[in-house]
Amino acid sequence: MNFSDELVNWYTQNKRDLPWRHTTDAYIIWLSEIILQQTRVEQGLPYFYRFAETYPAVTDFAAAEENEILKLWQGLGYYSRGRNMLKTARMVQDLYGGKFPTRYADLIKLKGIGEYTAAAIASFSSNEAKAVVDGNVYRVLARYLGIFEPINSTAGKKLFQLKANDFLNKKNSALHNQAVMEFGAMVCKPKNPACGICPVRLDCYAFKHNATTSLPVKLKTVKVRQRYFNYFLYTDGEHILMNKRDESDIWANMYDLPMIETDGIAPVNKLITHPEAVNYFGEALEISTISEVKKHILTHQQLYIRFITIAKQPVSLKPNWFFIKVENLQTLPLSKVIFIFLDNFLN
DNA sequence: ATCCAGTAAC
DNA sequence: GTTACTGGAT
């Protein structure tokens with residue numbers, strides 16, 4: 001048996017029973033693939049069920065409002081995935097009459113669908129002969145073939161795509177692609193790979209050279225930016241003053257609280273006299289409580305966040321500030337930090 | 001602290 | 001071509 005046959009054989013006997021593996025409906029496969037980008041199955045599964053039930057067809061998805069989508073997406077991270085899904089659902093509605101495309105060439109034009117996802121949907125839904133290259137495939141190929149080219153270099157990406165194309169079983173790309181990825185996730189794992197049960201270990205470079213821990217090679221990433229967010233909470237008991245974030249920063253279009261960003265951890269007296277604070281909350285800003293500065297880590301940013309509850313109503317409001325009824329808070333899409341803070345504050 | 005089922009924006 | 005996006009597990 002060749003590499004592909006071995007892995008397909010392993011897959012048919014050992015695959016996990018996942019809901020999107022029972023369908024060739026491109027819409028359902030798209031839903032699962034976007035949710036699973038950069039996300040583990042266990043974490044994505046409840047979101048998949050929620051979306052599939054709320055929007056049984058792409059037509060239903062296309063009719064949704066962005067806030068609804070972001071709300072359902074809340075807690076999953078990489079929120080642009082949710083916003084891009086809505087754009088894509090509407091494109092499918094307009095361009096393809098609500099029938100989700102199954103060909104790579106059509107899929108790659110849609111928002112949020114890159115090379116990996118286009119190949120995945122095309123092969124799973126219509127068996128088109130496109131090889132997927134995701135983190136699992138990088139790892140399996142790097143180890144099996146002994147490729148030391150970094151997977152996040154331009155040369156590396158080209159090389160791995162080439163090798164993946166070579167190995168692809170073009171007669172049954174759906175089975176082949178799923179087999180390689182599932183094998184990567186379950187056996188050829190990042191840490192502690194289960195080489196003992198691997199059907200191709202005798203031909204595997206990394207197994208033969210005891211090199212699984214050093215493959216794949218990945219270039220080290222960049223430094224993180226430090227940011228300091230001072231959040232202001234004002235409530236009249238019934239409403240909370242919320243801010244809708246703009247398009248250009250983290251948590252785009254989601255809600256948080258009125259905030260002043262400073263260059264460092266600002267002393268409280270500095271904060272009170274900060275021009276923005278004076279502008280919005282007046283000269284005599286009355287602070288009720290002030291929280292510790294807590295660190296919140298994102299990929300390229302470390303956020304130092306502090307919450308300040310204020311006693312007096314602001315004297316002027318930014319255009320994207322809204323008084324939200326406490327009972328309507330649960331309809332707003334919130335980032336993890338904000339959700340946790342408000343949850344604690346209100347309960 | 002580091003790693004992970006990618007894509008879009010710059 | 002390079003960099004920015006999340007949250008959770010380890």
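Side chains are part of it too, since the values below use all heavy atoms of this structure and drop only hydrogens, waters and symmetry mates. Below, chains carry the letters A, B, ... as their sequence lines are ordered, and counting in each starts from 1. This one's a predicted model, so the numbers in the text were calculated from it and none came from an experiment.
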State which of [options] makes the closest approach to the side chain of [X].
X      : options             : value
A:K218 : B:dA5, B:dC4, C:dC5 : B:dC4
A:D134 : C:dC5, B:dA5, C:dG7 : B:dA5
A:L18  : C:dG7, B:dA5, C:dT2 : B:dA5

request  = Could you provide the dot-bracket string of DNA chain C, using ( ) for intrastrand pairs, [ ] for crossing pairs and | for bases paired to another strand, with Watson-Crick or G-U pairs below 3.5 Å?
outcome  = |||||.||||
Tell me the interatomic distance from [X], atom [atom1], to [N], atom [atom2], rounded to whole angstroms.
X      : N     : atom1 : atom2 : result
A:K15  : B:dA5 : NZ    : P     : 21 Å
A:K157 : C:dT3 : NZ    : P     : 12 Å
A:M91  : B:dA8 : CE    : C1'   : 14 Å
A:Y138 : B:dC3 : OH    : P     : 17 Å
A:N136 : B:dC4 : CG    : P     : 10 Å
A:R83  : B:dT7 : CZ    : C1'   : 12 Å
A:M85  : B:dA8 : CE    : C1'   : 16 Å
A:L107 : B:dT7 : CG    : P     : 11 Å

inquiry  = If we ignore hydrogens and angles and just use 3.5 Å, is the side chain of A:R139 paired with the main-chain N or O of A:G184 as donor and acceptor?
reply    =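 Here the side-chain-to-backbone pair exists.
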inquiry  = Here's a test of your reading of the structure: between A:I108 and A:L36, which maps to the more 5' nucleotide of DNA chain B?
reply    =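 Per heavy-atom nearest nucleotide, the more 5' residue is A:L36.
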First of A:N84 and A:R139 reached from the 5' end of DNA chain B, by closest nucleotide =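 In this pair, the answer is A:R139.
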ask   = What residues, two or more places apart in sequence or in another chain, satisfy side-chain contact (heavy atoms from CB on, under 4.5 Å) together with A:Y79?
value =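 Scan of A:Y79 (side-chain contact (heavy atoms from CB on, under 4.5 Å), adjacent residues dropped) gives A:L70, A:W73, A:W251, A:M254.
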request  = Could you tell me whether C:dA4 is syn or anti, where syn means a glycosidic angle within 90 degrees of zero?
outcome  =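 Here the answer is anti: the torsion falls beyond 90° from 0.
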request  = Describe the nucleic acid contact of A:L110 in one word from base, sugar-phosphate, nothing, applying a heavy-atom distance below 4.0 Å.
outcome  =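 The residue A:L110 makes sugar-phosphate contact but no base contact.
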request  = Check every strand shown and say whether A:R227 touches a base, only sugar-phosphate, or nothing at a heavy-atom separation below 4.0 Å.
outcome  =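 Counting heavy atoms under 4.0 Å across all strands, no contact is made by A:R227.
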Could you state the interatomic distance from [atom1] ([X]) to [atom2] ([Y]), rounded to the nearest 0.5 Å?
X      : Y      : atom1 : atom2 : answer
A:L334 : A:L329 : CG    : CG    : 6.0 Å
A:Q37  : A:S32  : CD    : OG    : 10.0 Å
A:L271 : A:I308 : CG    : CD1   : 4.5 Å

ask   = For residues 111-122 of chain A, which residues have at least one heavy atom under 4.0 Å from DNA chain C?
value =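 When residues 111-122 of chain A is checked for heavy atoms under 4.0 Å from DNA chain C, there are no hits whatsoever.
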query = Does anything in residues 39-53 of chain A reach DNA chain C, meaning a heavy atom under 4.0 Å, and if so which residues?
reply =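 Contacting residues: A:R40, A:Q43.
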request  = If the plane angle is over 60° it's perpendicular, under 30° parallel, otherwise tilted; pick one for A:Y228 and A:Y304.
outcome  =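 Because their plane-to-plane angle is under 30°, the rings of A:Y228 and A:Y304 count as parallel.
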query = Pick the nucleotide of DNA chain C nearest each of A:G77 and A:K191; which residue has the one closer to the 5' end?
reply =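 Mapping each residue to its closest nucleotide by heavy atoms, the 5'-most match is A:G77.
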ask   = Can you name the side-chain hydrogen bond (donor to acceptor under 3.5 Å, both in side chains) partners of A:N9, sequence neighbours left out?
value =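 Applying side-chain hydrogen bond (donor to acceptor under 3.5 Å, both in side chains) to A:N9 gives A:Q13.
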request  = Please report the closest heavy-atom contact between A:E33 and A:A120, naming both atoms and the distance.
outcome  =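 Scanning both residues completely, I find the closest heavy atoms to be CD-CB, 3.9 Å.
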message = Centre-to-centre under 6.0 Å for A:Y144 and A:Y205, is that the case here?
response =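 A:Y144 vs A:Y205: aromatic centres not under 6.0 Å.
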query = For the residue pair A:Y280 and A:W321, is the inter-centroid distance of their aromatic rings smaller than 6.0 Å?
reply =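 For A:Y280 and A:W321, the ring centres are under 6.0 Å apart.
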ask   = Are side-chain heavy atoms of A:F61 and A:L86 found at a separation under 4.5 Å?
value =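 Answer yes - side chains close enough.
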task = I would like to know whether A:Q74 and A:K71 meet side-chain hydrogen bond (donor to acceptor under 3.5 Å, both in side chains); could you show each step before the answer?
result = CA-CA 5 Å; A:Q74 181 175 297; A:K71 186 64 199 176; 2.8 Å; yes
request  = Respond yes when some side-chain nitrogen or oxygen of A:Y79 is under 4.0 Å from OP1 or OP2 of C:dG7, and no when none is.
outcome  =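 Answer yes for this pair, as a side-chain N or O of A:Y79 is under 4.0 Å from OP1 or OP2.
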ask   = Less than 3.5 Å between a donor and an acceptor, one on the side chain of A:R81 and one on the base of B:dA5, is that the case here?
value =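 Side chain to base: no pair below 3.5 Å.
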task = Could you name each residue pair satisfying ring pair (Phe, Tyr, Trp, His ring centres under 6.0 Å) that touches residues 89-108 of chain A, not counting sequence neighbours?
result =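 Listed by first then second residue: A:W30-A:F100.
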